Amino acid sequence: MLLKNKHILLGITGGIAAYKCAHLVRLLIKEGASVKVVMTKAAEEFVTPKTLSVLSKQEVVADFFDSNHNWNNHVTLAEWADLMIIAPLTANTLAKLATGVCDNIVTACYLSARAKVFVAPAMDLDMFQHPTTKRNLETLHLDGLRIIPAEHGELASGLMGEGRMAEPETIVEFIKKQLQADLPLLGKKVLINAGPTYEAIDPVRFIGNRSSGKMGVCIADAFARLGADVTLVLGPSNQMPSEKSVSIKRIESAEEMLAVCEPLFAECDIAILSAAVADYKPKTVSNSKIKKKESDFSIELIKTVDVLEQLGKHKKHQLLVGFALETDHLIDYAKEKISRKNLDFIIANSATEEGSGFGVDTNKITIIDKHNKLNQFELKSKQEVAEDIVSFTLNYLKFSHA
Ligand code: CTP
């Protein structure tokens, strides 16, 4: 499941272990991944592009130009990749990656790749133990690359020791384990709502509020980045998530918000309701534009539905989280909402404190759990606040299932 439909760019460099890459391609394809191979000239001495092309069912790229002098665009190849594997990683390519030398298609793809990169070092014992190699591997580690440990065993030179490339099965298992650890919320369904609601007065006017929806959109992105299956129910807002996997449902009024959220809530594991849902709406909505008169004009307002409270009434296994935006008595009012709305915890933020609330790119939150324990956070960007909320949620889940 972890590698299914993933685009994997396999960079092969010139070491004897390159022959094992034929088997590696087969294993990756068996996992449901699409594999494209790029290789250095030296790698062609150990495994043929034809073998790899037949196994991967894709053209293999071995140079910046093909035999018809067409340019092989390394940037397009790198952008295609969800992850890149460089195996075997020779001492020579290791040094190039550590210093940014890019004189072949593999190193050029590496420098252009924004995807996660895994490397499987393979070299002879003395090369592997050389301080330069150790230093270069440390540089790669600091650069965020995932290093698949070399194994102990008989080496091509006949020496025994560390330096053998990990077996293809081990490489696949290592990658799957790492992806699993990077995506602790894989398979979890998360419902987020965000933005204001608009309550119609007539076809051209409405009652709304100043919420931008940014906080909720950042939370949706932060959950999606950890592998969750996120649905964002978004009111009138021009903010959009950057994570492509987030599914967006647009609504306008409080009533529509409830209608869309209710069935999603029944199916979800975690729901975070950050929307600034209107508390009141006009009692009647005029079908035609209301004309200006000489006299003053008043609108009778009635209560809207409280979306969060309604979901709280049907809560079963779900973790339910609300927001509290207040101008005063922030903590006391927030605590009262935890029990009234049947929440696991609430995220309190001030509408008046500098850098907090609507229309700014920062926020300062206090998370209060249902045992009234307060967790205060510093003023941060809304992206960072979203990361804090996700970490808190992960810990909360761990603790409540312990
Ligand atoms: N909320 C909701 N539906 C409403 C009003 C609020 O779902 N009609 C949710 C918000 O999304 C938020 C939480 O309830 O998660 C608290 O919203 P807030 O406006 O702070 O509180 P209210 O319950 O509306 O009470 P008050 O406005 O009096 O503070």
Side-chain angles (χ1 to χ4, degrees), residues 190-200 206-220 223 230-237 239 249-266 268 270-283 301-315 318-353 356-359 363-370 382 385-386 389-390 392-393 396:
V190 176
L191 164 66
I192 311 285
N193 76 4
T197 62
Y198 284 179
E199 309 301 329
F206 59 85
I207 295 176
N209 61 64
R210 295 182 198 278
S211 165
S212 66
K214 184 158 189 173
M215 191 64 253
V217 168
C218 289
I219 297 171
F223 270 102
V230 180
T231 304
L232 172 67
V233 186
L234 187 58
S237 152
Q239 297 287 323
K249 306 228 179 280
R250 302 302 304 236
I251 56 91
E252 205 167 274
S253 64
E255 213 171 305
E256 286 168 13
M257 179 66 91
L258 180 66
V260 175
C261 285
E262 242 173 358
L264 289 167
F265 181 66
C268 82
I270 300 166
I272 304 208
L273 275 72
S274 73
V277 182
D279 288 329
Y280 293 94
K281 63 178 181 182
K283 186 171 182 186
L301 298 178
I302 56 167
K303 272 180 84 174
T304 56
V305 60
D306 189 312
V307 180
L308 183 56
E309 200 169 329
Q310 285 306 310
L311 299 191
K313 282 182 187 153
H314 301 121
K315 175 166 129 90
Q318 302 91 337
L319 180 94
L320 183 59
V321 179
F323 264 74
L325 180 75
E326 312 285 351
T327 51
D328 29 39
H329 307 294
L330 177 63
I331 303 300
D332 288 343
Y333 285 155
K335 281 181 182 170
E336 179 275 325
K337 283 172 195 171
I338 299 179
S339 50
R340 179 159 51 91
K341 304 197 185 195
N342 192 17
L343 308 180
D344 288 276
F345 58 86
I346 196 158
I347 301 154
N349 53 172
S350 161
T352 46
E353 198 171 325
S356 258
F358 286 173
N363 204 0
K364 187 165 185 248
I365 59 163
T366 301
I367 301 183
I368 310 165
D369 69 18
K370 61 182 173 196
K382 284 190 173 165
V385 172
I389 292 170
V390 174
F392 188 91
T393 307
Y396 190 91

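Predicted model, so just to flag it, every value in this text is computed and none were measured. Every number for a ligand or one of its atoms is a count from 1 in the order of the listing.
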Can you check whether F323 has an N/O within less than 3.5 Å of an N/O in ligand 1?
yes

Does any N/O atom on G322 come nearer than 3.5 Å to any N/O atom on ligand 1?
no

Output the distance between atom CD1 (I270) and atom CG (L320), rounded to the nearest 0.5 Å.
11.5 Å

Given that the side chain starts at C-beta and the backbone is N, CA, C, O, which of these parts of A254 lies under 4.0 Å from ligand 1, counting heavy atoms, or is it both or neither?
neither

Any I346 heavy atom less than 4.0 Å from ligand 1:
no

Regarding ligand 1, does V277 bring an N or O atom to under 3.5 Å of one of the ligand's N or O atoms?
no

Value for CD1 (I219) from NZ (K214), rounded to nearest 0.5 Å, stands at 13.0 Å

Name the one of K337, K341, K313 that satisfies salt bridge (charged side-chain N to carboxylate O under 4.0 Å, His left out) with D306?
K341

May I have the step-by-step check of side chain to side chain contact (heavy atoms under 4.5 Å, CB included) for T393 and I272, ending in yes or no?
CA-CA 10 Å; T393 307; I272 304 208; 4.2 Å; yes

For T304, the atoms of ligand 1 under 4.0 Å from one of its heavy atoms are 8 (N)

Checking side-chain contact (heavy atoms from CB on, under 4.5 Å) against I207, which of L301, T197, T304 comes through?
L301

Does some non-hydrogen atom of the protein lie less than 4.0 angstrom from atom 14 (O) of ligand 1?
yes

Non-hydrogen atom of A276 closer than 4.0 Å to ligand 1
no

Decide side chain to side chain contact (heavy atoms under 4.5 Å, CB included) for L232 and V217; before the verdict, give the C-alpha distance in whole Å, the side-chain angles of both, and the deciding distance to 0.1 Å.
CA-CA 8 Å; L232 172 67; V217 168; 4.0 Å; yes

Step-by-step side chain to side chain contact (heavy atoms under 4.5 Å, CB included) determination, N193 to I251
CA-CA 10 Å; N193 76 4; I251 56 91; over 6 Å; no

Residues which pass side chain to side chain contact (heavy atoms under 4.5 Å, CB included) with K370, listed by chain and number, not counting sequence neighbours
I338, D344, Y396

Look at atom 8 (N) of ligand 1 and say which protein heavy atom is nearest, naming residue and atom and giving the distance to 0.1 Å.
V305 O, 3.0 Å

Relative to each other, are the rings of F392 and F345 parallel, tilted or perpendicular (30° and 60° limits)?
perpendicular

Output a table of donor-acceptor pairs, distance under 3.5 Å, between side-chain atoms of residues 254-265 and any protein atom two or more places apart or on a different chain; print 'none' if there are none.
from, atom 1, to, atom 2, distance (Å)
E255, OE1, K281, NZ, 3.0
E256, OE1, E252, N, 2.6
E256, OE1, S253, N, 3.4

Measure the distances from the heavy atoms of E326 to every atom of ligand 1 and state whether one is below 4.0 angstrom.
yes

Could you find the nearest protein heavy atom to atom 7 (O) of ligand 1 and give me its residue, atom name and distance?
L308 N, 2.8 Å

Could you tell me whether the side chain of S350 and the main chain of T327 form a donor-acceptor pair under 3.5 Å?
no

N/O of S274 under 3.5 Å from N/O of ligand 1, yes or no?
no

Under the side chain to side chain contact (heavy atoms under 4.5 Å, CB included) rule, what do K382 and Q239 come out as? Steps first, then yes or no, please.
CA-CA 13 Å; K382 284 190 173 165; Q239 297 287 323; over 6 Å; no

List the closest protein heavy-atom neighbour of atom 29 (O) of ligand 1: residue, atom name, distance to the nearest 0.1 Å.
K337 NZ, 2.9 Å

Identify the closest protein heavy atom to atom 3 (N) of ligand 1: which residue and atom is it, and at what distance?
V307 N, 3.0 Å

Need the ligand 1 atom indices (1-based, order shown) with element for anything under 4.0 Å from a heavy-atom of A278.
8 (N)

In terms of residue, atom name and distance, what is the protein heavy atom nearest to atom 22 (P) of ligand 1?
K341 NZ, 3.8 Å

Is the closest protein non-hydrogen atom to atom 19 (O) of ligand 1 under 4.0 Å?
no

K249 atom NZ, over 12 foreign heavy atoms within 6.0 Å
no

Where the closest heavy atom to atom 24 (O) of ligand 1 is concerned, which of D279, L258, L273, N193 has it?
D279

Is it the side chain, the backbone, both or neither of D306 that has a heavy atom closer than 4.0 Å to ligand 1?
both

By number and element, which atoms of ligand 1 are closer than 4.0 Å to a non-hydrogen atom of L325?
20 (O)

Closer than 4.0 Å to some heavy atom of A324 - which atoms of ligand 1 meet that?
20 (O)

Would you mind finding which of A275, C261, A194 brings a heavy atom closest to atom 10 (C) of ligand 1?
A275

